Q: 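Got a structure for you, questions after.
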Amino acid sequence: MINKTSQDAITPLLPKEFAHTIITWQHQHGRNTLPWQREASPYHVLVSELMLQQTQVSTVIPYFERWIKVFPDLATLAQASEDQVLAQWQGLGYYSRARNLHKAAGYVMTELNGQLPATPESLREVPGVGPYTAGAITAFAFDKPAAIVDGNVKRLFCRYFGINGDPNSSAINRQIWTKAEEYKPHSNSRQYAQALLDLGATICTPRNPKCELCPLQQSCNALATDRVNLLPQKRAKRTLPTKDGYFALDVNANGVILVQRSANGIWPRLWCLPELSELPPRAQVHGSFKHVFSHYRLNATVINCTPSHATTRIPLEALAQYGLPAPIRKYIHTHVLEN
DNA sequence: CATCCGTGGTA
DNA sequence: TTACCAAGGAT
């Protein structure tokens with residue numbers, strides 16, 4: 001007789017049992033009314049998956065709804081301008097995703113006759129589609145078997161199989177992908193993939209996981225060995241460096257001067273207040289703001305001045321049509337428009 | 001393989 | 001306030 005409290009007694013379910021268990025759970029407790037599930041077309045799935053990279057569902061939903069209205073299909077997106085694309089993406093972050101999605105539309109239209117491929121290998125050729133997204137599109141758009149490993153699956157599998165070690169290391173990462181391949185079912189691929197993500201997002205959460213509600217609680221290694229809070233292994237925390245930034249503000253009745261940033265660095269190709277390399281002497285400070293990126297903090301000072309290479313003055317009413325970085329847009333709204 | 005790339009929510 | 005982190009990918 002199996003003693004579930006003994007550390008070496010826990011055996012994971014076989015793949016077929018595992019899939020059946022979480023698919024049954026998903027049917028009752030999973031998320032089944034997300035906007036990109038209404039019509040799980042390849043295009044809708046592509047858009048949603050690119051938007052969802054490192055971004056929470058609740059944040060993506062309004063962006064997805066607007067995006068589909070403005071760019072209802074691949075052909076429309078492929079014909080849009082980069083500025084139109086960035087204007088729709090503004091505020092969502094990780095802006096290379098927007099340009100990748102734009103490139104993807106052009107690639108599929110010109111190279112693939114407008115049809116997204118249905119295998120992870122072919123999908124990997126699409127700009128912005130990596131190992132996770134290739135599997136996700138295969139499962140969600142085509143309901144075909146594919147391994148998916150994202151943050152949810154890493155956490156779920158590390159706990160369920162009791163995997164020690166840094167999940168970001170190549171060795172552990174390979175181990176998790178191998179499990180994902182081994183456990184993917186031959187049918188119900190879409191619902192299985194959704195079940196994995198739903199379990200990770202709503203039950204097997206990073207903090208305060210709801211193990212008492214988990215359909216896998218009887219065979220979870222971490223739960224049986226009281227290591228739910230120890231797995232997956234946390235990565236070493238890093239303190240973010242702080243950088244100073246100086247931005248030029250030149251606003252009058254005709255609008256505000258903005259420049260389009262380069263394709264490299266932060267906020268690529270977005271429209272921004274001209275950035276100064278240093279604080280000019282006798283600068284007239286208009287205001288300041290702080291902003292936190294994923295890899296550094298920005299202490300920004302806004303200077304009243306006319307930039308030497310002034311380019312484009314944009315009417316304030318037209319700002320919505322340009323892609324602006326979130327903190328720049330906020331600053332203009334709170335410190336310029338309200339005066 | 002490590003770093004770069006946003007933003008907002010939450011404890 | 002601080003720190004963590006989310007349907008990762010490109011280089």
Side-chain angles (χ1 to χ4, degrees), chain A residues 30-31 34-37 40 44-64 86 89-101 103-104 123-141 146-156 166-174 177 180 190 193-202 204-208 232 234-243 261-270 272 290-298 323-330:
Chain A
R31 299 171 291 187
L34 296 170
W36 41 90
Q37 294 174 318
H44 284 199
V45 171
L46 174 71
V47 172
S48 65
E49 288 302 335
L50 270 287
M51 286 186 170
L52 285 161
Q53 288 168 4
Q54 292 291 283
T55 309
Q56 298 198 4
V57 166
S58 57
T59 302
V60 166
I61 287 176
Y63 281 89
F64 177 84
L86 289 175
W89 200 276
Q90 62 175 315
L92 194 52
Y94 286 143
Y95 297 95
S96 65
R97 295 182 297 170
R99 294 193 296 148
N100 283 147
L101 181 51
K103 287 181 199 166
L123 284 163
R124 284 297 304 275
E125 304 298 317
V126 178
V129 176
Y132 162 75
T133 304
I137 295 174
T138 303
F140 287 127
I148 59 166
V149 175
D150 74 327
N152 292 302
V153 177
K154 278 185 182 174
R155 185 171 58 253
L156 177 65
D166 178 4
N168 295 316
S169 70
S170 59
I172 301 297
N173 188 50
R174 262 197 309 278
W177 272 98
R190 175 183 289 133
Q194 190 64 53
L196 285 176
L197 302 187
D198 290 348
L199 262 183
T202 66
C204 197
T205 48
R207 290 169 301 192
N208 306 320
K234 319 289 184 193
R235 62 173 183 184
K237 61 177 179 183
R238 56 179 189 274
T239 57
L240 295 182
T242 299
K243 299 183 180 181
R261 298 177 67 91
S262 78
N264 305 318
I266 202 73
W267 301 329
R269 305 299 293 162
L270 266 63
C272 187
K290 296 177 185 297
H291 189 69
V292 181
F293 297 103
S294 50
H295 49 307
Y296 66 91
R297 303 172 189 279
L298 174 67
L324 270 64
I328 299 294
R329 177 171 295 282
K330 277 182 202 167

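Being a predicted model, the structure only gives us computed values, none of them experimental. Each chain gets a letter, A, B and so on, in the order its sequence line appears, and its residues count up from 1.
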Q: By the 4.0 Å heavy-atom rule, please label A/R31 as base, sugar-phosphate, or nothing.
A: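 Since a base atom lies under 4.0 Å of A/R31, the category is base.
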
Q: Scan A/S48 against the nucleic acid and name what it touches under 4.0 Å (heavy atoms): base, sugar-phosphate only, or nothing.
A: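 Counting heavy atoms under 4.0 Å across all strands, no contact is made by A/S48.
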
Q: Before we go on, tell me: are the rings of A/W36 and A/F64 under 6.0 Å apart, centre to centre?
A: yes

Q: Could you grab the distance from atom CZ of A/R190 to atom OG1 of A/T138, nearest 0.5 Å is fine?
A: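 Separation between the atoms: 11.5 Å.
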
Q: Between protein and nucleic acid, restricted to nucleotides 2-5 of chain B and to nitrogen or oxygen atoms under 3.5 Å apart, what atom pairs and distances do you find?
A:
{"residue": "B/dC5", "atom": "OP2", "partner": "A/H295", "partner atom": "NE2", "Å": "2.8"}

Q: I want to confirm an ordering. Mapping A/L34 and A/V129 to their closest nucleotides on DNA chain C, which one lands closer to the 5' end?
A: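 Its nearest nucleotide being more 5', the pick is A/L34.
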
Q: Determine whether a donor-acceptor pair (N or O, by modelled atom type, separation under 3.5 Å) exists between the side chain of A/N100 and the backbone of A/P127.
A: no

Q: Tell me the interatomic distance from A/N173, atom CG, to B/dC1, atom P, rounded to whole angstroms.
A: 9 Å

Q: Please lay out, stage by stage, how A/W89 and A/R99 fare under the test side-chain contact (heavy atoms from CB on, under 4.5 Å).
A: CA-CA 10 Å; A/W89 200 276; A/R99 294 193 296 148; over 6 Å; no

Q: Which part of the nucleic acid, if any, lies within reach of A/Q194 when heavy atoms closer than 4.0 Å are counted: base, sugar-phosphate only, or nothing?
A: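 Here A/Q194 touches the bases of the nucleic acid.
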
Q: Treating A/Q37 as the side-chain partner and A/L34 as the backbone partner, does any N or O pair qualify as donor plus acceptor under 3.5 Å?
A: yes

Q: Regarding A/R99, tell me which of base, sugar-phosphate or nothing describes its non-hydrogen contacts under 4.0 Å with the strands shown.
A: nothing

Q: Any chance you could measure A/Q90, atom CD, to A/L324, atom CG, to the nearest 0.5 Å?
A: 6.0 Å

Q: Please report the distance separating the C1' of B/dG6 from the corresponding atom of C/dC4, rounded so that it comes out in whole Å.
A: 15 Å

Q: Categorize A/L298 for me: base, sugar-phosphate, or nothing, with a 4.0 angstrom heavy-atom threshold over every strand shown.
A: nothing

Q: Can you tell me how far P in C/dA7 sits from the matching atom in B/dC4, rounded to whole Å?
A: 24 Å

Q: Just the endpoints, please: which first and last nucleotides of DNA chain C, 5' to 3', lie under 4.0 Å from a heavy atom of chain A?
A: C/dA3 to C/dA10

Q: Mind checking whether A/F293 and A/H295 have parallel, tilted or perpendicular rings, split at 30° and 60°?
A: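 Rings of A/F293 and A/H295: tilted, 30 to 60°.
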
Q: Can you check the distance between B/dC1 and C/dA10, where both ends of the measurement are the C1' atom (answer in whole Å)?
A: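 About 13 Å, rounded to a whole number of Å.
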
Q: To the nearest 0.5 Å, what is the distance between CD1 on A/I61 and CE on A/M51?
A: 11.5 Å

Q: Which atoms of nucleotides 8-11 of chain B (N or O only) lie under 3.5 Å from a protein N or O atom, and what are those distances?
A:
{"residue": "B/dG8", "atom": "OP2", "partner": "A/K330", "partner atom": "NZ", "Å": "2.9"}

Q: Take A/Y132 and A/V153, measure what side-chain contact (heavy atoms from CB on, under 4.5 Å) needs, and give me the verdict at the end.
A: CA-CA 10 Å; A/Y132 162 75; A/V153 177; over 6 Å; no

Q: With a non-hydrogen cut-off below 4.0 angstrom, is A/W89 in contact with a base, only sugar-phosphate, or nothing?
A: nothing

Q: Quick check for you: to the nearest 0.5 Å, what is the distance between A/L156 atom CG and A/L197 atom CG?
A: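 The distance works out to 10.0 Å.
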
Q: Look up atom CZ in A/R269 and atom OG in A/S96, then write down how far apart they are to the nearest 0.5 Å.
A: 14.0 Å

